[in-house]
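All chains are named by letter (A, B, ...) in the order of the sequence lines, taking the proteins before the strands, and each is independently numbered beginning at 1. This one's a predicted model, so the numbers in the text were calculated from it and none came from an experiment.
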There are 2 protein chains.
Amino acid sequence: MRYSAGHKLETKEKLLQSSSLSAKKTGFSSMGVDGLMKAIGLSGAAFYSHFSSKDDLFAAIVERELCQSLERLGGQGKQDRERLERCLKLYLNMAHVEQPELGCALPALGAEIARSDIVVREQAELWICKLQESWAQILESDSLAWAILSQCVGALVVARMLASPKIQQRVLNSCHEEIGQQLAASRVQ
Amino acid sequence: MRYSAGHKLETKEKLLQSSSLSAKKTGFSSMGVDGLMKAIGLSGAAFYSHFSSKDDLFAAIVERELCQSLERLGGQGKQDRERLERCLKLYLNMAHVEQPELGCALPALGAEIARSDIVVREQAELWICKLQESWAQILESDSLAWAILSQCVGALVVARMLASPKIQQRVLNSCHEEIGQQLAASRVQ
DNA sequence: GTCTATACGCCGATAGAC
DNA sequence: GTCTATCGGCGTATAGAC
């Protein structure tokens, strides 16, 4: 082998990272294999040494991204409400609206995941359910966990569609405020 | 003119309707001009008698769809909470999850709208704000209106990513239930 | 593992006949 | 307004040299 043992792993990792960013920014279907490889300094044909098809790459991106989202949002081990509220504040943030490439894949790739084949959706379901379970444990409410998750994803989808930063900010503030009230209500209950 | 006066309008309307359904189902970027025209029994070249470019069509689809969503959800003239709650029940429904082509454009095209140029996003903002204002009037709360709107859109994005109908249903039920509590809380306040 | 070269189809868009 | 024919580019994917 003309290349070192770890080289393939490194290349694949670089490709995954670069592709994930691009997919969240411009949409997966809008990316070409050639452009993806050029972005990491390789030719288009080299792509097929790492993935059998473009769809195969998408499955890998989804798994990687959702695993990462779970780490960021659900955390490992026991959590508490305070840490959850800090996560929500980071999630419902203008920086997150303006930089989809650095943020959660659910608002950015949700529609494309929804249109993927069953294998990808089962992967997505796995990680999304893990995140929901993590939140449900903290909140002691299954339905509240689903509701807040949906609201966070929706807030970013809605805000990113808007043209003016002021209204985007108002969407984020509103969701943050209303979630705060839901959390407070669930605490005294 | 070899074609009747209303012919062009009818054809354009048929094209808009057919394209809107396809866009919500498979995503706008995945559609080809040729396929869109074949779907209404015309050749691909005839497209350019109605729209100057594919992007021009997307702008028209967004305007048409969001205007329609406003009619369905915001209604014209005065509304009341009961009618709003009936709308939410229809929105947070498995039929809506399973048939994106018949439903709201916000969950289906949100990410693509977000990536469009400023003109499209200004259009989107216009209609979304009208819807929010309509709800805010009923609910007597700006932030609650934004929060519920986000939650509804997010619920559909999340549910459609999932593989199993049972969990999809649970997402819808959870959001419906939690929104119900938010509405009740805002009523007594 | 990566390269160049290439196959082959679909893409958006235009030209010109009717 | 719609058609057929066509252009030039880019899409995914493969073949074979190194």
Side-chain angles (χ1 to χ4, degrees), chain A residues 1-62 109 111-113 115-117 119-120, chain B residues 1-23 25-62 109 112-113 115-117 119-120:
Chain A
M1 193 184 301
R2 294 170 51 212
Y3 296 85
S4 71
H7 181 79
K8 178 165 185 177
L9 266 176
E10 278 175 28
T11 302
K12 186 166 182 174
E13 171 59 25
K14 211 191 305 178
L15 172 56
L16 260 176
Q17 165 125 20
S18 171
S19 306
S20 294
L21 297 197
S22 302
K24 288 189 285 183
K25 188 172 190 178
T26 70
F28 180 75
S29 69
S30 82
M31 306 188 309
V33 169
D34 217 69
L36 288 176
M37 298 305 288
K38 263 192 188 140
I40 60 168
L42 294 178
S43 74
F47 174 84
Y48 298 94
S49 296
H50 302 280
F51 296 98
S52 66
S53 70
K54 207 191 156 197
D55 281 346
D56 191 20
L57 168 64
F58 187 62
I61 288 177
V62 169
L109 299 179
E112 284 181 288
I113 293 173
R115 294 175 192 125
S116 298
D117 68 52
V119 180
V120 172
Chain B
M1 195 183 299
R2 294 171 51 213
Y3 296 85
S4 72
H7 180 81
K8 180 166 184 177
L9 266 176
E10 278 176 27
T11 301
K12 187 166 182 173
E13 170 59 25
K14 212 191 303 179
L15 171 57
L16 260 177
Q17 165 125 21
S18 172
S19 306
S20 293
L21 296 198
S22 301
K25 190 173 188 177
T26 70
F28 180 74
S29 69
S30 82
M31 307 189 308
V33 168
D34 217 69
L36 288 177
M37 298 306 287
K38 263 191 189 143
I40 60 167
L42 295 177
S43 76
F47 174 85
Y48 297 94
S49 297
H50 302 281
F51 295 98
S52 66
S53 70
K54 207 192 157 198
D55 280 346
D56 191 19
L57 169 65
F58 187 61
I61 288 177
V62 168
L109 300 180
E112 283 180 288
I113 293 173
R115 294 174 192 127
S116 298
D117 67 52
V119 180
V120 171

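- In this structure, A:Ser43 reaches the C:dC3 phosphate: one of its side-chain N or O atoms is under 4.0 Å from OP1 or OP2.
- Between the P atom of C:dT2 and the CZ atom of A:Phe51 lies a distance of 12 Å, rounded to the nearest Å.
- Distance CG (B:Leu15) to C1' (D:dG1): 13 Å, rounded to an integer number of Å.
- We find that CE of B:Met37 is positioned 12 Å from P of D:dT4, with the value rounded to whole Å.
- The CD atom of B:Glu13 sits 6.0 Å away from atom CG of B:Leu16, with the distance rounded to the nearest 0.5 Å.
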Using a 4.0 Å heavy-atom cut-off, write out nucleotides 7-18 of chain D from 5' to 3' as B (base contacted by protein), S (sugar-phosphate only) or - (no contact). -----SBBB--B
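- Rounded to the nearest 0.5 angstrom, B:Leu57 CG and B:Phe28 CZ are separated by 4.5 Å.
- Between D:dT2 and B:Thr11, a contact under 4.0 Å exists linking OP1 or OP2 to a side-chain N or O.
- Atom NE2 in B:His50 sits about 15 Å away from atom C1' in C:dA13, given to the nearest Å.
- In this structure, B:Lys54 fails the cation-pi test against B:Phe47, since its NZ or CZ atom is not both closer than 6.0 Å to the six-membered ring centre and inside 45 degrees of the ring normal.
- Checking D:dT2, C:dC3, D:dG1 against every side-chain atom of A:Ala46, the shortest atom distance belongs to C:dC3.
- Interatomic distance, CE of B:Met37 versus NE2 of B:His50, reported as 5.5 Å (0.5 Å rounding).
- As a whole-Å value, the separation of B:Leu42 CG from D:dT2 C1' is 7 Å.
- Protein atom OH of A:Tyr3 is 9 Å distant from nucleotide atom P of C:dG1, rounded to whole Å.
- The interatomic distance linking B:Glu10 (CD) with D:dG1 (C1') rounds to 13 Å, in whole Å.
- Sorted by first and then second residue, the salt bridge (Lys or Arg N to Asp or Glu O under 4.0 Å) pairs involving residues 28-48 of chain A (not counting sequence neighbours) are A:Asp34-A:Lys38.
- Looking at A:Ser29 and B:Ser29, their side chains do bring a donor and an acceptor atom within 3.5 Å of each other.
- Whole-Å rounding puts the B:Lys14 NZ to D:dT2 P distance at 9 Å.
- Atom CD of B:Glu112 sits about 9.5 Å away from atom CD1 of B:Ile61, to the nearest 0.5 Å.
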